[in-house]
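For reference, the structure discussed in these notes is given below.
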Amino acid sequence: MSLHTTAQSLATLAAEPGHEGGHASLSPFVTGGGALVVLLLLLWITTRFNRDR
């Protein structure tokens with residue numbers, strides 16, 4: 001599959017009427033909060049290992 005046909009099929013899938021998208025139990029707040037926690041953890045790990053100053 002080429003990139004063009006893949007993008008076209010994903011756009012068609014996303015535009016289907018009546019399709020809510022995603023799983024019903026996934027809350028955007030939980031997903032965003034989890035991503036924030038992971039990024040803050042990675043930031044903390046990076047600053048712990050960067051002690052060359």
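If you read the sequence from its start, that first residue is 1, and numbering goes on from there.
A distance of 5.5 Å separates CD1 in I45 from CG in L42, rounded to the nearest 0.5 Å. If you take OG1 on T46 and CG on L39, they are separated by 10.5 Å, rounding to the nearest 0.5 Å. Summarising the geometry, atom CG belonging to L36 is positioned 10.5 Å from atom CG belonging to L43; distances are rounded to the nearest 0.5 Å.
Note on V38 and V30: separate hydrophobic clusters, where clusters join Ile, Leu, Val, Met, Phe, Trp and Tyr whose side-chain heavy atoms are under 4.5 Å apart, directly or indirectly.
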